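Heads up, the thing below is written out as structure tokens.
The shown structure was predicted, so the numbers you read here are calculated from the model rather than taken from an experiment. Starting from 1, each residue takes its place in the sequence as its number.
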Amino acid sequence: TDASDFKSVLTLGKTPTHTCMDYEGGSYNDCLISNFDECKKVLKIYKDGIQIGRAILRLTKTRERKSSLTFDDVSSVKDAEWSKPNLTIFVEKMYTPCVEKINDAKDEILNFLHEKAKSIGAVLNFAYTYGDWDLKMAKIEVMISASRNGHQYIDSLHGYTGKDSQYTWVRTNAYIG
């Protein structure tokens, strides 16, 4: 299920496992408020009534690299090298105390996310941490919109902390759903 209610967002650093977003002493708890932004929801995974995982769902835009050839001396990216932006649900890193149970629920999670993306005409991209889910890897740019909080911590984008007044594009390797 996904949620954006006060309790789900406030406790995302405590449940189902402690993370840097824990409102009581998490190293990035000052960024917790950014998860109330209207483009974010908390994906909550349950097994037998117990929450076993959570990830942030970010409604954003992404664009893929048009060419698979990359050379360091010519890979300074021009807009022409990237596809037209797609409306995207970007699934950030999954936090769980029980990876095996999450992997067992992988098909259910993917079905839920595919239906959600389809219902709004979006594509589905996953953070680099979903390597064992048999998804296709791509070099993408993710649009990070400014947070009303002023800054945000996004560990799925290698700890990028956004402070921009509008938005910025961040390059990363991600999995295409």
At what distance, to the nearest 0.5 angstrom, does CG of Leu59 lie from CD of Glu38?
10.0 Å
What closest approach, in Å, do Asp37 and Arg148 show between heavy atoms, and which atom pair accounts for it?
OD1-N, 3.4 Å
Which heavy atom in Tyr130 sits nearest to a heavy atom in Lys93, and how many Å separate them?
OH-C, 3.8 Å
What is the distance from atom CG of Asp5 to atom NZ of Lys41, rounded to the nearest 0.5 Å?
10.0 Å
Got Asn149 and Asp30 here, is their nearest side-chain heavy-atom distance under 4.5 Å?
no
Atom NZ of residue position Lys47 - does it have more than 12 heavy atoms of other residues, nucleotides or ligands inside 6.0 Å?
no
Where Gly131 and Tyr175 come nearest, the two heavy atoms and their spacing:
CA-OH, 3.2 Å
Rounded to the nearest 0.5 angstrom, the CG-OG1 distance for Asn29 and Thr19 is 10.0 Å
What are the two closest heavy atoms between Gln152 and Ala146, and how far apart are they?
NE2-C, 4.3 Å
Say whether Met137 and Val91 are linked into one hydrophobic cluster, either directly or through other cluster members, by side-chain heavy-atom distances under 4.5 angstrom.
yes
What I'd like to find out is whether the side chain of Ile176 reaches to under 4.5 Å of the side chain of Ile140, using heavy atoms alone.
yes
Report the residues that fulfil side chain to side chain contact (heavy atoms under 4.5 Å, CB included) with Tyr128, sequence neighbours left out, ordered by chain and then residue number.
His158
Hey, does Asp2 have a side-chain heavy atom less than 4.5 Å from the side chain of Phe112?
yes
Linking I/L/V/M/F/W/Y whenever their side-chain heavy atoms sit closer than 4.5 Å, directly or via other members, would Val42 and Tyr46 fall into one cluster?
no
Nearest 0.5 angstrom please: Glu141 CD to Lys139 NZ, how far?
9.5 Å
With a 4.5 Å cut-off on side-chain heavy atoms, are Leu12 and Ile56 touching?
yes
Within the 4.5 Å heavy-atom criterion, are Leu43 and Met94 side-chain neighbours or not?
yes
Heavy-atom pair with the smallest gap, counting every atom of Gly53 and Gln51:
O-NE2, 3.3 Å
For Lys44, does the NZ atom sit with more than 12 other heavy atoms under 6.0 Å from it, leaving out its own atoms?
yes
Can you run down the salt bridge (charged side-chain N to carboxylate O under 4.0 Å, His left out) pairs that involve residues 11-22, sequence neighbours left out, and say none if there aren't any?
Lys14-Asp22, Lys14-Glu24
What is the distance from atom CD of Glu64 to atom OG1 of Thr88, rounded to the nearest 0.5 Å?
9.0 Å
Can you confirm whether Leu110 sits close enough to Phe126 that some side-chain heavy atom of one is under 4.5 Å from a side-chain heavy atom of the other?
yes
Asn35 side chain to Leu32 main-chain N or O, any donor-acceptor pair under 3.5 Å?
yes
Applying the 4.5 Å side-chain criterion to the ILVMFWY set and letting contacts propagate, would Trp133 and Leu57 be lumped into a single cluster?
yes
Rounded to the nearest 0.5 Å, how far apart are CG of Asn86 and CE of Met143?
12.0 Å
Chi angles and distances behind the side chain to side chain contact (heavy atoms under 4.5 Å, CB included) call for Ser8, Arg54:
CA-CA 10 Å; Ser8 294; Arg54 76 97 177 136; over 6 Å; no
May I ask you to list the residues sharing a hydrophobic cluster with Val99, side-chain cutoff 4.5 Å, ordered by chain and number?
none
Tell me whether Ile50 is reachable from Ile102 by hopping between hydrophobic residues (I, L, V, M, F, W, Y) whose side-chain heavy atoms are closer than 4.5 Å.
no
Any non-hydrogen side-chain atom of Tyr167 less than 4.5 Å from a side-chain atom of Lys61?
no
Beyond-backbone contact of Ile144 with Arg58, side-chain heavy atoms, under 4.5 angstrom:
yes
Working note: Met21 + Cys31, criterion side chain to side chain contact (heavy atoms under 4.5 Å, CB included); need CA distance, chi angles, decisive distance, verdict.
CA-CA 7 Å; Met21 291 285 188; Cys31 298; 4.0 Å; yes
Under 4.5 Å between side-chain heavy atoms, counting indirect links through other Ile/Leu/Val/Met/Phe/Trp/Tyr residues: same cluster for Val123 and Leu113 or not?
no
Locate the shortest heavy-atom distance separating Phe90 from Ala127; write the atom from each residue and the value.
CZ-CA, 3.9 Å
Is it true that a side-chain atom of His114 and a backbone atom of Gly177 form a donor plus acceptor pair closer than 3.5 Å?
yes
Assess whether side chain to side chain contact (heavy atoms under 4.5 Å, CB included) is satisfied between Ile89 and Ile120, documenting all intermediate values.
CA-CA 10 Å; Ile89 295 177; Ile120 62 171; 4.0 Å; yes
